[in-house]
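Since the structure comes first, as structure tokens, the remarks are kept for the end.
Counting convention: from 1, in listed order, for ligands and their atoms alike. Scope of the values below: all heavy atoms of this structure, side chains included, with no hydrogens, waters or symmetry mates.
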Amino acid sequence: MTAEEMKNYRVSDYRRILQKGDISPRELVKIFLERCSQWEPFINAFLHLDAERVLRQAEEMEKFPPADEELPQLFGIPVAVKDNICVSGIPTTCGSHILENYVSPYEATVVQRLRRAGAIIFGKTNLDQFAMGSSTESSVFGATRNPLDLSRVPGGSSGGSAAAVASLEVPLAIGSDTGGSVRQPAAFCGVVGVRPTYGRVSRYGVVSFASSLDQVGPLSRFVSDAALLAQVLSGEDPLDSTCAPYPPFSTSDIPSYEETRKMRLGIPREYFSSGVDRSISEEVASAVEKLAKEGFDVIEISLPHTDFALEAYYLVALAEASSNLARFDGVLYGKRAQGVKTLMEMYHRTRIEGFGNEVKRRIMLGTYALSSGYYDEFYLKGMKVRTLVRQDFEKAYEACDILLTPSSPCFPFKLGEKISDPYQMYLTDILTVPSAMAGLPSLSLNCANRDGLPVGLQVIAGPFREDRMFGLALFLEELLSVEPPIPAVPDVKEGDDE
Ligand code: GLN
């Protein structure tokens, strides 16, 4: 069997063939390892991939129960993990020199949950340094490329996870989403990406970027798999006090198609404005029209503070980042500068040598926003705007159950196109940042392909209403029947211009 033959496999299909014994966990991971050896020279989605370790995990699975016993939910399924999430005994680099040689001594709660569900932790995926970026170009280990077009970026910061799923190096991956880093790369690579409600999923063992915004979320080829992964990942965690004491999300809460059809859909007009590529707005509008034809109640609404969300995000996120990244001082973790005479000099050199430019920029801006005399003017103001953004959503959900928008204002852009202009890069987040600021669950799925490039549609639900979000996304997936990507393995040699 080949990966291509499994392009339309859902987790339930892998389970079926594993359960029947048509394939062993070892044979299954070998197929994906083979796929990685074909694709990695072209896309660089993985920072760490240890075939031996993967095969050992698969062998463990083979000791597993007889065929008549119920297998755990993700039994034998390879899941790739973004490299800012700790997996015990292997590196967690965050794509940065400062953590280059850091090996995690413990495991993130989300990784433990994946293991408990029988998943095979397949490797660590590339990201923008410390998850700060929208293109996966700021990793010190080289950019990841979009498997749908190698001259383009896969989005970011979870670009490695999105590219790995889109090329079917793995069927599932996890990423982290602070302002869009799961949904935007999912949109750029034509796959499904989910940001759960803030507090749904534990952040324990996830390297903090902006603690009031960070959430771990699934990437997959099908909505049902993302929902299953969300179920596995979610739930209270005594090790993370910001993780809500609610029962985990359960796929059994997802409404049926009949119930879903009764949902009122809100279309926020600000998300279809001039900053959004015309073709993208058109494709999303056409998907909405199809839903209307199915009998959905569609209403136009307004989220008036949308335009201010991005500026506020870049104050709040950077302020929190400057504080979180203070721990990387050469004493506790990772790199320590050598040949220095004093402690101050050691701190100084370690951070100068260890952090990349974008990280330094954010630490400086964030520190400024928090400094005495400026706190009220910047950070506090950012937080006030955040409240207004959240209130916009609260008001909207009085009139509708779900919001539908484009996920990204632009198509995947060329490598190098925006990297030297941070503001242009930040603008790619305008449509994913507001729901992150409001802590809402949001999902991106591919609603169309234009000239071979995917168009992401974003489904945003009220807090802890993942059930509605997945219900509508499943309906849409079926209605639109846009197949997940299965790009052909490139035949150009590594280093060719493509
Ligand atoms: N691109 C956004 C940023 O640079 C979002 C990053 C993220 O969600 N991790 O901050």
For ring-ring contact (aromatic ring centres under 6.0 Å, His included), just list the numbers for F328 and F130, CA-CA rounded to whole Å, side-chain angles, deciding distance to a tenth of an Å, and then say yes or no.
CA-CA 12 Å; F328 301 101; F130 282 96; 5.2 Å; yes
Amino acids contacting ligand 1, non-hydrogen cut-off under 4.0 Å
A131, M132, G133, S134, S157, D177, T178, G179, G180, S181, F209, Y313, Y314, R362, D429
Salt bridge check, D467 against R465: does any charged N sit closer than 4.0 Å to a carboxylate O?
yes
Sequence neighbours excluded, every pair satisfying salt bridge (Lys or Arg N to Asp or Glu O under 4.0 Å) that has a member inside residues 305-324:
none
Taking salt bridge (charged side-chain N to carboxylate O under 4.0 Å, His left out) as the test, write out the residues that go with R35, two or more places apart.
E4
Atom CG of D421: over 12 foreign heavy atoms under 6.0 Å
yes
Show me the side-chain donor-acceptor pairs of residues 368-377 shorter than 3.5 Å, one per line, residues at least two apart or across chains.
from	atom 1	to	atom 2	distance (Å)
S371	OG	Y368	O	2.7

